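Below you'll find the structure, written out as structure tokens, and then a few comments.
This is a predicted model, so every value here is computed, not measured. Positions are given from 1 along the sequence. Atoms within a ligand are numbered from 1 in the order they appear, just like the ligands themselves. Below, each value reflects all heavy atoms present in this structure, side chains not excepted, and no hydrogens, waters or symmetry copies.
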Amino acid sequence: MMRLALGPRPSALGLLLLLVSAAPAPRAVHAQTSPPREDGYDLWLRYRQVNDTAMLRHYRAAITGVFVTGDSPTLRVARDELAAGLSGLLGRTVPIGPRTGAVRVRIQSSALKPEGFEIVRRAGGIEITGADARGALYGAFALLRHLQTQRPLSALPLVSAPRISRRILNHWDNLDRSVERGYAGRSLWAWDSLPGTIDRRYVDYARANASLGINGTVLTNVNANARVLTPDYLQKVAALANTFRPYGIRVYLTARFSAPIEIGGLKTADPLDSAVRAWWKDKASEIYRVIPDFGGFLVKANSEGQPGPQDYERSHADGANMLADAVKPHGGIVMWRAFVYSNETPVDRIKQAYDEFKPLDGTFRDNVMVQVKNGPLDFQPVEPFHPLFGAMPRTPLVLELQITKEYLGQDTHLAYMGKYYEEVLDADTHAKGPGSTVARVIDGSLHGHRLTAIAGVANVGTDRDWTGSHFNQANWYAFGRLAWDPRLSSRGIAEEWARMTFGNAPAIVRTVPAMMMTSRDAVSKYMMPLGLTHIFATGHHYGPGAWMNNAGRADWTPAYYHRADSLGLGFDRTATGSNAVAQYHAPVARRYSSRATTPDSLLLWFHRVRWTDPMRSGRSLWNELIHRYDEGVDSVRAMQRAWATLEGQVDSARFADVSGFLAIQEKEARWWRDATLGYFQTFSRMPFPAGREPARPLDFYRRLRCPADRDRPRCPELP
Ligand code: BDP
């Protein structure tokens, strides 16, 4: 993958003019020559000329200009994006000004929900009405998407409004520009040159987010550095906030709980100490002086070594409420993370967040949200939904999804997360009977909350293609689309993205979404099928390491999770084991308590199973495991074959990039399968079916040394 350093780029206006004037002249339909090489920088906002002649004629007849009523920075962004985008799509300059056939943009707050829009075709042209400026901007992007995916104008009107009010990216970016679990280069935020220099990338980042309706960004790592709260840094943050504001994006920061000591000179960070409380209040006022629309704080406290209120024998609620009081007068919120587990507590790690937070329900201020990862462990390829969803009716919860695929092949492996997100959103908590989905918990409809939010751990960095691979762009896209409307189908989103990213050729539309829809299952099968989990090599979360036992603490060690011995495999989380199932509402608990009703994909997550026990297929556990690993590898090969058919349809540069990564993925899928089965066979002592033995003896895999993932783990010694 190309990882070019960022050179100087033309100004926003320069780029826009370039785009408008360089719009290609009309050309014949379905040109047979290969498309021009692309590097992925333009994401899904490529605005290439519509290649279906009839559709192009249809659009050209209807659209002759862009005209915006009213003026504000956001409306100007909408106008310029429309002018540039439509010019590209129509293959001729679409001027700005009032005329018949102009796409008209206006704001009318009365009829629409906040941030919503309506796109209607009228005699005089197409009219985009926004509930507010953001709504108008989102409507502009929706019209562009409509044309990019070559839908007829007869499919209008389009009416839409977000179902979740705060749609936020979480950057795990450090002030030294390293990115925790980042696989796409360095942090976008060039702190050294801020506030003076506004990189073109900040603007394109904001455009990309606005095109999806993402309206918030937490700039800094949850493993926070207090320095970002110092006056110098706040000036830098303000410069970013000013850049993002016209795109409807608010800035948030992570708050390090011990900041009053580290940068405030206090002796304590006790949340009940009056000096500490005063310090945070002053700090909040200082922040709002430079960033009037500052969103608030995201906090990781008493988790994985981070400081927190428990250092002073106070509760998470004491800590969250203290910060909430500080930002409240300014309209800010606190998103307090529930990702906590203790090395000392002998309780099943996946139970600890629930045990800790559920009793606190009802004790938080009304501007506190508790942010919960999708599953109770940690972004594994497969997890059941987190039992806190549906268990804290009096507290608005934020769903935290991971876009950066820390545990799903990082930059290289193709894994479309839309399908995963959809599965989580659709999971039924049964909190108020059937239909109490996670989506309804977080959109506020289940428990009647007005404050609603969803967060995605960002996968963007300075890589030219933003996300480390072309297909990883789809995960940013899918997060944004589902954040806007959790009911959208991941299949539909995949198709939209494929059309916008690779083009509308029938072969692309047929092939790319189909690949995407199988991809995450493929990864989960060749890494850890049947509900196995967290069997990564220590030191990185990329390659296999089921045998590893030197992680420093038990609950970071694969053996803690797989529990293999001569009898069987898996973690008993039913009443005869850790009883984690009891944290779910009764119908869910019942479902997971019985092996017969637990889905195969979560079998070993909830149950211990003997090697010889028959599975649904009739195969023994051991043979089923082999079968699933093989299926995972085969699915990657099927993706390779599918992609190969697109040669000439996709530009040669991106075609080669994806082919190269799929080849790595195939090799590494075999690595996962052979290493893991080789290891588990030392317990099962059962034979491999003829011809299905691992390529190398287990020792070979155990001795492989791959660098830590910060350095992009490629195992050079892999066969
Ligand atoms: C884990 C990551 C770690 C994060 C932690 C978190 O490995 O780097 O700091 O989650 O979410 O997935 O706090």
Subject >> Atom indices of ligand 1, in the order listed, that fall short of 4.0 Å to a heavy atom of Phe339 >> reply: 5 (C), 6 (C), 10 (O), 11 (O), 13 (O)

**OP:** May I ask you to say whether Asp463 pairs ionically with Arg186, meaning some side-chain N is under 4.0 Å from a carboxylate O?
**Re:** no

Subject >> side-chain hydrogen bond (donor to acceptor under 3.5 Å, both in side chains) contacts touching residues 252-262 (sequence neighbours left out) >> reply: Arg166-Tyr252, Thr220-Thr254, Arg256-Ser258, Arg256-Glu262, Arg256-Gln306, Ser258-Glu262

Subject >> Those atoms of ligand 1 less than 4.0 Å from some heavy atom in Glu406 >> reply: 1 (C), 2 (C), 7 (O), 12 (O)

**OP:** Run the numbers for me: atoms of ligand 1, each under 4.0 Å from some heavy atom of Glu304, listed by number.
**Re:** 4 (C), 5 (C), 9 (O), 13 (O)

Original post:
How about Phe389 and His585: are their ring centroids closer than 6.0 Å?
Top reply: no

Original post:
How close does the nearest protein non-hydrogen atom get to atom 13 (O) of ligand 1, and which residue and atom is it?
Top reply: Lys300 NZ, 2.6 Å

**OP:** Taking only heavy atoms of Tyr407 into account, list the atoms of ligand 1 that are under 4.0 Å away from them.
**Re:** 7 (O), 12 (O)

Original post:
Does a side-chain N-to-carboxylate-O contact under 4.0 Å join Arg628 and Asp600?
Top reply: yes

**OP:** Considering the heavy atoms of Glu180, write down every atom of ligand 1 situated less than 4.0 Å from one of them.
**Re:** 3 (C), 4 (C), 8 (O), 9 (O)

Original post:
How would you list, by chain and number, every residue that makes a side-chain hydrogen bond (donor to acceptor under 3.5 Å, both in side chains) with Asp361, sequence neighbours excluded?
Top reply: Thr395

**OP:** Quick one: look at Asn223 and ligand 1, take heavy-atom pairs under 4.0 Å, and tell me if it's side chain, backbone, both or neither.
**Re:** side chain

Original post:
Going by the atom numbers of ligand 1, which of them fall below 4.0 Å from some non-hydrogen atom of Lys373?
Top reply: 1 (C), 5 (C), 6 (C), 10 (O), 11 (O), 12 (O)

